[in-house]
Amino acid sequence: SNAGQDSVLEAEERIERRNGDISRKRKLSVDNDVGFESGEDEGVLSLRSGKRVTKKGPFGDGNGSGGDVEFEIVRKGKSMLVEESEDTERSKERVNVKGKRRYSREEKGKGKLLVESALDSKDESLVDGSVSDVELLAQEVNLSDEKPSKKNNRRTSQGRMERFRDTARQNASRFAHFNTQEEDDNILSMEAESEIPSEEPEEKGVEDWPGPFSTAMKIIRDRAANLNVRQGSSSSDKVQSLQIKWVPQKGKRKDWSKRLPPSLLDLSLRVLVDNADAIASLAHVPDALRHKLCHMLCDSRRMNSNFFDLLLNGSPTEIRLKDSSWLTEEQFTQCFEKCDTTNLTILQLDYCGHCFADYNLPSTLARSPNSLPALTTLSLTGAYRLSDVGLSALVSSAPALRSVNLSQCSFLTHSAIDILATSLASVLLELFIDDCQSIDAMLVLPSLKKLEHLEVLSVAGLESVTDSFIKEFLIARGDGIKELILMDCWKLTDSSLKIIAETCSNLRALDIGNISKLTDTSFGYLASGCRSLQSLKLCHNAFSDDAIAAFLEMSGEVLKELALNNVGKVGLNTALSLARRSKNLVSLDLSWCRNLTDEAMGLIVDSCLSLRVLKLFGCSQITDVFLYGHSNAKVEIIGLKLSPFLEHIKTPAQGPFQYSSV
């Protein structure tokens, strides 16, 4: 209300104190606060709020003269000012009312503040609004005996939360991301998984399914239970109590401290590598030795243009460079301009992105539509400047291509695969398009279906590979597929493995490393459908020890290569199955499988007599007990201390085609 209004409001405050002091009843005390009065005009000190309630002016002058009484009630950050006038006294007082909890009389030791107001004015309408506001606020604060209301606290918290929600709605568009293709893939995967029984390894797992794999799973668990019974432990502690008995062989231990002397051929190659600049000619040198020399020079970073000229002199049949990053455009152009490529059958220029471009092909490799008539194998890994146009020129120059490796060629699109399918539909056997991120798997699907005799397909690292792609492609061409590389295709699920098992009966090699959505269900499909698997790579997956062991019980006899790198659940059941069934195993990778003990490793190595390479990187639990105690003198252990390392990190020389001959 305004201070200049003539309306008056007769307000009487009574302060009833417990000690009955009538002389102080005109002083204000705040309900819900415990305070001490410091003087007549200084007000009351609140102990709860830490504030002092002061009087702005006297209530009267003692002569009956009136005055204006001003109250300011502050609550929840809002204030209301009420001015009232009375003929008998004039005063101003400011009262801060703040409190959330009501104390009892015994706790306070003081009286209660009762606000009573009466309206006695000639112009009632002018102050009606002010009086009603005071009454409403007095009722809301509720300074009487009733319990204090928490309605305003609730309103404040709700308002604060509403502001937070508004801010979140405004900023949500900047952070939210919705991929319709990924959502569709998840829906398809859920539909496919709905057809598969739920997997519960301990109660209703895959061992309850009908079929050989379920039988193998039961055998694995029964074997573990029988061992526990013989060892006097409970079945619940089978993982901890299961032990393998293996006794280190004495007198047959291999002395790792003594290195075998190199062969005369190795010594000769090392001398040639150290003196590569002094080599005058490579005439009459077999292609196998040329390849070894190139490999060793690339590893030692000693390959140069002089030796490259020697490789291209005459009419070479094979050119294999695993690292061409040193080669410049000028050197590449000068060397191939004078090279006779009529008899060239294998051309490997990996990591040639620095020198290999579309504009220098017409003067080097793609001189004419049939300038490479005998070329059957082409490997251009890392040719990041090769486009669809350049590939079209190469394909037109080499009509007899059987194997094409275009991994990490980032400029190639689905049109490049369409060019291959149009020109090489009836002859192409192997295709590698790893990490070609510009290629959409669903867009190249029609072109891949045209490749009638495709045997090897590698799409590792392509994020667009989904269950739908695998299903459509394998239904059309699964009968002829013998090797499938799907590493890092993280969208794949068990339904893809089901399609592989149903359509790829002649599959020899499978790489499904680092696919987190795969479960033990996949082994049930592979064990039942792919009975000819010779190479299986399961790196960085979460398969269980029992499932791997059950698969080995069914398909371990034909396996020649097995990679379980970083499969953390591999344990003693897998070791027992390897020792029993994998007699023909040649290469085994158990790196970072830290549940395997010295006894488990010893049993595997002593039982698998065909084993030649064993990789144990990260297996710090393996000690000299195994290293010096196994009896297999032909196995080479890589990754442990005192074991030769760099000599085994090399690609073995092999033909261009693994499953077919030209």
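Between the side chains of T413 and D388, at least one donor N or O sits under 3.5 Å from an acceptor N or O. With 3.5 Å as the limit, one finds no donor-acceptor pair spanning the side chains of S379 and Q348. One side chain, S544 or D520, offers a donor N or O that lies under 3.5 Å from an acceptor on the other. At a cut-off of 3.5 Å, with distance as the only test, no side-chain donor of S368 or N370 sits close to an acceptor on the other residue.
Applying the salt bridge (charged side-chain N to carboxylate O under 4.0 Å, His left out) rule to K450 yields the partners D418; only residues at least two apart in sequence or on another chain are considered. Checked against salt bridge (charged side-chain N to carboxylate O under 4.0 Å, His left out), K583 has no partners two or more places apart in sequence or in another chain. Residues meeting the salt bridge (charged side-chain N to carboxylate O under 4.0 Å, His left out) test with R477, sequence neighbours left out: none. For R531, there are no salt bridge (charged side-chain N to carboxylate O under 4.0 Å, His left out) partners at least two apart in sequence or on another chain. For F332, the ring-ring contact (aromatic ring centres under 6.0 Å, His included) partners are F336, F356, not counting sequence neighbours.
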Enumerate donor-acceptor pairs with a distance under 3.5 Å from any side-chain N or O in residues 551-563 to protein atoms, sequence neighbours excluded.
from	atom 1	to	atom 2	distance (Å)
E553	OE1	R580	NH1	2.6
E553	OE2	R223	NH1	3.3
E553	OE2	S577	OG	3.0
E553	OE2	R580	NH1	3.0
E557	OE2	R581	NH1	3.4
E557	OE2	R581	NH2	3.1
E561	OE1	S535	OG	3.1

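In terms of modelled atom types and a separation under 3.5 Å, the side chain of D435 and the main chain of Q437 share no donor-acceptor contact. Remark: the backbone N or O of G618 is paired with a side-chain donor or acceptor of R594 at under 3.5 angstrom.
Taking 4.0 Å as the cut-off between side-chain N and carboxylate O, E636 and K615 do not count as a salt-bridged pair. The existence of a salt bridge linking D323 and R301 is confirmed by a sub-4.0 Å separation between a basic side-chain nitrogen and an acidic carboxylate oxygen. Ion pairing of D494 with K517 is absent here, as no side-chain N (NZ or NE/NH1/NH2) approaches a carboxylate O to less than 4.0 Å.
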